[in-house]
Amino acid sequence: MRLADVVSVSHAVARTSGRLEKTQHLADLLTRLPSDEIGIVVPFLSGSPRQGRIGIGGAMLSSMRDIPPADAPSLEIRDVDAAFDRLAAMSGAGSATSRSQVLRQLLGRATRDEQDFLVRLLFGELRQGALEGIVIDAIARASGIGAARIRRAVMLAGDPASVARTALVDGDAALSRFILEPFQPVQPMLADSATDVADAISTLGDAVIEYKLDGARIQVHKVDDEVKVYSRNLREVTAAVPEVVTVARGIPARAIVLDGEAIAMREDGTPHPFQITMRRFGRRLDVDRLRPDLPITPFFFDALYLDGEPLVDEPLARRMDLLTARVTASNVVPRVVTANPAEAAAFAAQALATGHEGVMVKALTGRYAAGRRGQTWLKVKQARTLDLVILAAEWSGRRKGTLSNLHLGARDSERGGFVMLGKTFKGLTDEMLAWQTKKFLALEIGRDAYTVFIRPEVVAEVAFNEIQASSQYPGGLALRFARVKRYRADKSAADADTFATIQEMYGQGSRL
DNA sequence: TATGTCTGCCCC
DNA sequence: ATTCTGC
DNA sequence: GCAGAATGGGCAGACATA
């Protein structure tokens with residue numbers, strides 16, 4: 001199949017807003033597609049190439065803007081895939097230059113529309129209103145198999161392309177080969193948010209409350225002495241966390257799959273900040289050098305498989321029992337089972353006092369909903385707010401032509417002026433975007449390519465979860481997960497919170 | 001060698 | 001990660 | 001309720017450049 005055929009379907013998908021119609025366009029394409037190209041095109045339609053990230057980012061792509069497009073389409077899907085393969089294989093000195101040359105050559109053979117598609121694909125912003133979810137529906141429609149069955153197979157396979165090939169070529173019965181088994185990581189279950197523990201308990205009834213640790217999600221697979229550790233995105237990270245391998249090897253089970261969190265702990269049993277955990281997690285070099293001073297500890301909270309039996313369809317209560325029977329208590333997340341809101345609230349307070357992020361509240365009857373934001377898991381995190389001054393805004397956002405991304409500043413009561421603490425666009429409705437665009441242009445005192453700087457007069461109430469060290473901002477501090485709650489028309493810049501206040505919060509640990 | 005820029009099925 | 005929006 | 005879009009800070013590592 002030609003690239004142009006895929007591009008035209010992508011355009012048709014982007015043009016319509018209806019999910020059913022998007023699905024139909026994609027299903028038609030899948031039906032026409034030669035079976036040996038399913039593995040290439042399905043990832044394209046889900047928004048990323050088969051090869052994953054291949055070392056091409058925004059800077060490289062924006063340097064390609066001058067390439068004149070071809071007059072007529074000639075690229076085959078296979079040509080593109082082969083070029084991506086070559087790009088992915090490049091490394092070492094001079095690789096950036098040769099990568100740039102190969103990409104230039106590819107884009108030079110593409111029409112304007114094809115160039116546009118390839119650039120968005122490589123940048124990871126296809127924006128056709130259909131990613132994996134819609135593609136799953138399309139596979140279902142094209143194969144005549146139920147969407148739930150396809151979705152489940154994708155969660156277990158971790159990859160829609162192989163499921164598409166099986167469904168379209170071999171049919172329904174062949175999907176049964178997608179089962180949970182060791183060393184085939186499954187997409188982790190995700191959680192919804194709740195405002196507080198009492199709210200979560202009243203939603204879920206009998207529940208287990210767990211410390212929510214601010215580390216990195218891990219899925220650990222063990223068969224006999226062989227252990228592999230996967231990240232939330234199913235990336236294999238075994239080499240980064242030898243401590244986890246040691247703990248897993250010691251578990252008395254022939255085969256087991258566990259879900260948990262890896263975090264750097266202090267000797268006194270309190271957690272390091274997330275930034276410190278990240279110095280270890282994801283590191284491949286010098287792991288042994290950092291290990292003595294910065295050990296990583298796994299804390300497990302779920303068991304997905306044990307000695308030949310998949311547990312994902314078992315209720316949480318049974319999965320917990322099997323977990324605690326096999327794993328030492330020091331490697332299980334602290335937890336309490338209760339339906340009593342007061343007891344739950346006390347446990348949550350204890351989690352925060354120990355320095356943790358908050359708690360998870362989970363229904364005891366819940367199944368493990370792989371890859372989904374299950375309604376049976378609720379996270380409760382502590383947030384606080386500051387009144388900050390808007391220093392500037394950037395041209396970007398949901399609707400082009402609005403000033404959306406806000407620069408947030410705290411008042412510097414000692415030296416005068418304001419100290420920038422980060423940016424946010426979150427929490428802004430379409431209505432607020434329209435209002436602030438007008439307002440900020442009236443307050444403009446200067447601009448550059450993307451930014452309008454304004455007189456520091458507008459105050460917003462900004463929620464955040466943590467204050468963290470920053471090498472980017474002049475005060476050396478930045479807000480984590482900042483979002484706008486509301487504008488404070490009743491406050492002037494002189495009423496805004498001061499940088500000294502933020503420094504004090506950071507010193508105490510922003511969660512205490 | 002030292003520093004800066006870019007990238008990441010990155011982590012949150 | 002968080003949040004808003006259309007379906 | 002789901003899926004998608006749009007965007008945040010910071011980390012290690014690879015490579016380019018001075």
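First the proteins, then the strands, lettered A, B, ... as listed; each starts at 1. Below, each value reflects all heavy atoms present in this structure, side chains not excepted, and no hydrogens, waters or symmetry copies.
Across all strands, A:A482 comes closer than 4.0 Å to no nucleic acid atom at all (heavy-atom distances). A:K423 comes within 4.0 angstrom of the backbone, heavy atoms only, and of no base. Across all strands shown, A:G47 has no heavy atoms under 4.0 Å from either base or sugar-phosphate atoms. Heavy atoms of A:A463 sit nowhere under 4.0 angstrom from any nucleic acid atom. In this structure, A:V237 reaches the sugar-phosphate backbone alone: every heavy-atom distance under 4.0 Å involves primed, P, OP1 or OP2 atoms, never a base. Across all strands shown, A:K22 has no heavy atoms under 4.0 Å from either base or sugar-phosphate atoms. A:S17 comes within 4.0 angstrom of the backbone, heavy atoms only, and of no base. Using a 4.0 Å heavy-atom cutoff across all strands shown, A:L285 reaches sugar-phosphate atoms only and no base atom. Counting non-hydrogen atoms under 4.0 angstrom, A:S470 reaches the backbone sugars and phosphates but no base. Across all strands, A:R151 comes closer than 4.0 Å only to sugar-phosphate atoms, never to a base (heavy-atom distances). Residue contacts for A:Q51: at a heavy-atom cut-off of 4.0 Å it reaches no nucleic acid atom on any strand shown. Here A:G282 lies out of heavy-atom contact (under 4.0 Å) with every strand. Residue contacts for A:S193: at a heavy-atom cut-off of 4.0 Å it reaches no nucleic acid atom on any strand shown. Contacts of A:Q128 with the nucleic acid, taken as non-hydrogen atoms under 4.0 Å apart, involve only primed sugar atoms and P, OP1 or OP2.
Enclosure of atom CD in A:Q105 is not indicated, since only 12 or fewer non-hydrogen atoms of other residues, nucleotides or ligands lie within 6.0 angstrom. Annotation for A:K439: atom NZ does not count as buried by contact number, only 12 or fewer foreign heavy atoms lying within 6.0 Å. Within a 6.0 Å sphere centred on CZ of A:F183, other residues, nucleotides and ligands contribute more than 12 heavy atoms. Crowding of A:R217 atom CZ: a count of heavy atoms from other residues, nucleotides or ligands under 6.0 Å exceeding 12.
When the side-chain nitrogen and oxygen atoms of A:R372 are compared with OP1 and OP2 of D:dG1, none of them lie within a distance under 4.0 Å. For A:K381 and C:dT2, the shortest distance from a side-chain N or O to OP1 or OP2 is below 4.0 Å. Of the side-chain N and O atoms in A:K379, one or more sit less than 4.0 angstrom from OP1 or OP2 of C:dT2. For D:dA14, the OP1/OP2 oxygens have no side-chain nitrogen or oxygen of A:S91 closer than 4.0 Å.
Counting only heavy atoms from C-beta on, A:R127 has its side chain closest to D:dA6 among D:dG4, D:dA6, C:dG6. Counting only heavy atoms from C-beta on, A:R19 has its side chain closest to C:dC7 among C:dC7, C:dT3, D:dA5. Considering only side-chain atoms of A:A96, the nucleotide from D:dG9, D:dC15, B:dC10 that sits closest is D:dC15. The side chain of A:F281 approaches B:dC11 more closely than any other nucleotide in the set B:dC12, D:dA16, B:dC11. With distances taken from any side-chain atom of A:Q468 to the nucleotides C:dT2, D:dG10, B:dC12, the minimum falls on D:dG10. The side chain of A:K485 has C:dT3 as its nearest neighbour among C:dT2, C:dT3, D:dA14. The side chain of A:M278 lies closest to D:dC11 when the candidates are D:dC15, D:dA3, D:dC11.
To the nearest whole angstrom, the two C1' atoms, one in D:dC2 and one in B:dC12, are 23 Å apart. For the P atom pair drawn from B:dC11 and D:dA14, the interatomic distance equals 15 Å after rounding to whole Å.
Under the Watson-Crick or G-U wobble criterion, with both distances below 3.5 Å, D:dG8 is paired with B:dC12. Pairing for B:dT1 is with D:dA18, a Watson-Crick or G-U wobble pair whose two hydrogen-bonding atom distances lie under 3.5 Å.
Nearest heavy atom pair, residue A:S143 against residue A:I150, reads OG-CD1, 4.2 Å.
When the P atom of D:dC2 is taken as reference, atom CD of A:Q375 falls 5 Å away, rounded to whole Å. Residue A:L190 contributes atom CG, which lies 11 Å from atom P of D:dA3 at whole-angstrom precision. One can place CZ of A:R283 at 18 Å from P of D:dG10, the figure rounded to the nearest angstrom. In this structure, A:I467 places its CD1 atom 16 Å from C1' of D:dG10, rounding to the nearest Å. The separation between A:K212 atom NZ and B:dC11 atom P is 15 Å, rounded to whole Å. Residue A:N405 contributes atom CG, which lies 10 Å from atom C1' of D:dA6 at whole-angstrom precision. B:dC12 atom C1' lies 13 Å from atom CZ of A:R235, rounded to whole Å. The nearest whole Å value for the distance from the CZ atom in A:F425 to the P atom in C:dC4 is 10 Å.
Comparing A:M420 and A:R279 by the nucleotide of DNA chain D whose heavy atom lies nearest to each, the residue mapping closer to the 5' end is A:M420. Judged by closest nucleotide on DNA chain D, A:V135 is the one of A:V135 and A:R284 placed further toward the 5' end.
Applying salt bridge (charged side-chain N to carboxylate O under 4.0 Å, His left out) to A:E461 and the options A:R483, A:R384, A:R488 leaves one that passes, A:R488.
Comment: A:K212 does not engage A:E261 in a salt bridge, judged by the lack of any side-chain N to carboxylate O separation of less than 4.0 angstrom.
Using a 4.5 Å heavy-atom cutoff, the side chains of A:Y487 and A:I390 are in contact.
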